[in-house]
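Presented below is the structure to which this report refers.
The structure presented is a predicted model; accordingly, all values stated were derived computationally and were not measured. The chains referred to below are lettered A, B, ... by the order of the sequence lines, with proteins before strands, and numbering in each begins at 1.
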There are 2 protein chains.
Amino acid sequence: MAPTIRDVAKLANVAPSTVSAVLNDKRYIKAETRARILSAIQKLDYTPSRSARGLANRTSGNIGFIVANTHFSHAEPFYTRVFLGVEFEARHHDLYVLLTSVNGKAQKPEPMPRFLLEQNVDGVLIAGRVPDKLLKEVMQRKVPTVLVDYDGKACDCSKVLIDNEEGARAATAHLLDLGHRDIAFVGGEKDHPSAVERLRGYHQALATAKVAPSEELEVFEGDTMSTENGSKAFTRMWKSGTHPTAVVCANDATAFGVQLAAKELKLKLPEDLSLMGFDDVVMSGLVDPPLSTIRVDKEELGATALRVLVDRIRRGGGATTTRVGVELIQRGSTMPPREKKN
Amino acid sequence: MAPTIRDVAKLANVAPSTVSAVLNDKRYIKAETRARILSAIQKLDYTPSRSARGLANRTSGNIGFIVANTHFSHAEPFYTRVFLGVEFEARHHDLYVLLTSVNGKAQKPEPMPRFLLEQNVDGVLIAGRVPDKLLKEVMQRKVPTVLVDYDGKACDCSKVLIDNEEGARAATAHLLDLGHRDIAFVGGEKDHPSAVERLRGYHQALATAKVAPSEELEVFEGDTMSTENGSKAFTRMWKSGTHPTAVVCANDATAFGVQLAAKELKLKLPEDLSLMGFDDVVMSGLVDPPLSTIRVDKEELGATALRVLVDRIRRGGGATTTRVGVELIQRGSTMPPREKKN
DNA sequence: CTGTTAGCGCCTTCAG
DNA sequence: CTGAAGGCGCTAACAG
């Protein structure tokens, strides 16, 4: 059916291996025969078959993208955007992206993604948190791997991360600049690497401003950074008598939770409470009041990750860590605190 | 490195072809030897290589997804959702999805997607409108193809379409039920197949209610169904003296355009003007007033398309057309018309 | 019911 | 600088 390398060879009066050589720039070919071959290729509209090439030189032309399904529901926009960023950048490298999602918190051991079993990828991107066990098993296969937005400890592969510390510092500094002094930090899962880094940034900003931190002002709830957990954590803090004038949230989702809880508690936003998110998902610009937040360029995150991966695949080399920058987005959820009664 | 079928054969004391046979359920194998083979497979943690299998039986295990980039910008949510629906369903069929976007309206001839040139897909899904030329060229390759949400005329492949006519009829009927009689239709590109069908549904509803249609009430603008074109078309109509009490839009994007234009014209929504969209993108629930619209289940659209494609690939057969249903979503942008001055 | 043989289409030695 | 030969891992056809 479709022309093969032999058809081209025959038409150009050369051996298949010579055609292969010009296809892959492998050895010097006399200009004249090269031209003859190229024209034969054009005439036949020939393109090498992916499967054949893959079998011969053990390369698939694909990369795998693994993401926890808890982070990739049809609604959740964050990793969807990261994926699209990867996908888009992949085209520039003649790579396709095979997507798979795994159960983030399932008890039963996660099966290895099929594309890895079938040796159908040249490298793997792992986005967000996935079970440590899976991480280890993927590493064992010695496939080039890059972690995206998840600082899996004891995983000595390359990582592309958000500058969480800097983002949280900026968020907190913004509130301090407005005059706030009682600033809470509301998170979900406490030991999530990103949450840890963001909390650290919050602490640094407080320290720089010589504002004493306080245990009561740092609340966490549950094992994900979700709206529900944000709501619960804030409500608990508020009802226990701790009343900050501003809140830095672990991410936008928790911020929405705080927003809901605050309304429940009859607090007026932003007058009674200023709120900072983190991520800048689409929703953030659309809630009332619109959420001030730290913007993460999700497509750029994905694109960078792909570039790092390609570099590892083609050039090899050791594990690297890259941080992508963030940007403070001031919207309507932050304002100076009310006058102090005193 | 990784075990091959020969390793398995050796361990199980059989020939490679026998292993292949059990792998593919190709012929009767004595229960005992089959068991021996299976246990060898397990012991070695063997999975056939995709490339090798692909070369041997000319199948890639991939399907291609082609979409016009004008419909797949990082912001546009519609086809992104369709894609995710496809992707999700594909897992149930052990298929991966290779994505590519093409220039929708470019003048220069679109190059054939690489996955087609490399014979790296078993079938193709084409989402939304793409250049006719490309459509034809894809068809010539005789790869199983399914068109999604685009009724390319003179393209005798299978199609999975939205029930546009029914949707527009329901939208219009909803406005008629509220008491509206002067109902406009605002669209972008006039000869887009979907727009044509939606206009037809609008006409049918009017006819059923014995409301005479009017040329002035049907306006189109530009060559895409965009916010901008919706805005322009409505403004033009209004300024020319045609003042409906309600508008059925070709899709949500044009509805947003009408909404903007209406505000510009100092019309209060929905009191002065009721508005119906079509698609139900995320934004629709978040604008002010929230948009009443016709919901299309985008994931389902994608999933259905994939199933139809798989059917064509595995079972063969002729071209079919499938319509996926829609649902009226009543939000805040529709209400009865003001009392008539009379 | 199972083994042998011969490719699938490409790439990579190694001679010439 | 080019051609011939062999193999990547799997499946298909045909014997037995």
Selected nucleotide, minimal atom distance to A:Thr4 side chain, candidates D:dT11, C:dG9, D:dT2: C:dG9

Nearest-neighbour nucleotide for the B:Ala52 side chain, D:dC10, C:dG9, C:dT13 considered: D:dC10

Rounded distance in Å - CG (B:Leu44) to P (D:dC10): 12 Å

A:Glu118 bridged to B:Arg53 by N-O distance under 4.0 Å: no

Separation of D:dG9 P from A:Leu117 CG (nearest whole Å): 17 Å

Between A:Tyr96 and B:Asn62, a side-chain donor and acceptor under 3.5 Å: no

Side-chain N or O of B:Asn57 closer than 4.0 Å to phosphate OP1/OP2 of C:dC8: no

Polar side chain donor-acceptor pair, B:Ser101 to A:Arg91, under 3.5 angstrom: yes

Separation of atom CG in A:Leu23 from atom P in D:dT2, rounded to whole Å: 15 Å

Salt-bridge contact B:Glu89-B:Arg307 (side-chain N to carboxylate O under 4.0 Å): yes

OP1 or OP2 of D:dT11 under 4.0 Å from side-chain N/O of B:Arg53: yes

Under-4.0 Å side-chain N/O to phosphate OP1/OP2 contact, B:Ser20 with D:dC10: no

Rounded distance (Å) that lies between atom C1' of D:dG9 and atom OH of B:Tyr46: 7 Å

The single option from B:Leu98, B:Leu125, B:Thr100 passing side-chain contact (heavy atoms from CB on, under 4.5 Å) against B:Ile66: B:Thr100

Length of the line joining B:Lys10:NZ and C:dT2:P, which is rounded to integer Å: 20 Å

Side chain of B:Ala56 (C-beta onward), nearest among D:dA12, D:dC8, C:dG7: C:dG7

Sugar-phosphate only, base, or nothing, as touched by B:Asp7 at under 4.0 Å among non-hydrogen atoms: nothing

Protein-nucleotide distance (A:Glu118, atom CD; D:dG9, atom P), rounded to Å: 15 Å

A:Ser17 side-chain N/O to C:dT12 phosphate OP1/OP2 under 4.0 Å: no

Distance below 4.0 Å between B:Ser49 side-chain N/O and D:dG9 OP1 or OP2: no

Closest to the A:Ile29 side chain, choosing from D:dT2, D:dC10, C:dC1: D:dT2

DNA chain C: 5'-proximal contact among A:Asn24 and B:Arg36 (nearest heavy atom): B:Arg36

Pair of N/O donor and acceptor under 3.5 Å linking C:dG3 base with B:Arg6 side chain: no

Sugar-phosphate only, base, or nothing, as touched by B:Thr33 at under 4.0 Å among non-hydrogen atoms: sugar-phosphate

Phosphate contact (C:dG9 OP1 or OP2) by B:Arg58 side-chain N/O below 4.0 Å: yes

Between C:dC10 (P) and A:Arg50 (CZ): distance, integer Å: 12 Å

Side chain of A:Ile5 (C-beta onward), nearest among C:dC10, C:dC8, C:dT2: C:dC10

Sugar-phosphate only, base, or nothing, as touched by A:Val19 at under 4.0 Å among non-hydrogen atoms: nothing

Interatomic distance, A:Leu55 CG vs C:dC10 C1' [rounded to whole Å]: 8 Å

Polar side chain donor-acceptor pair, B:Thr59 to B:Asp122, under 3.5 angstrom: yes

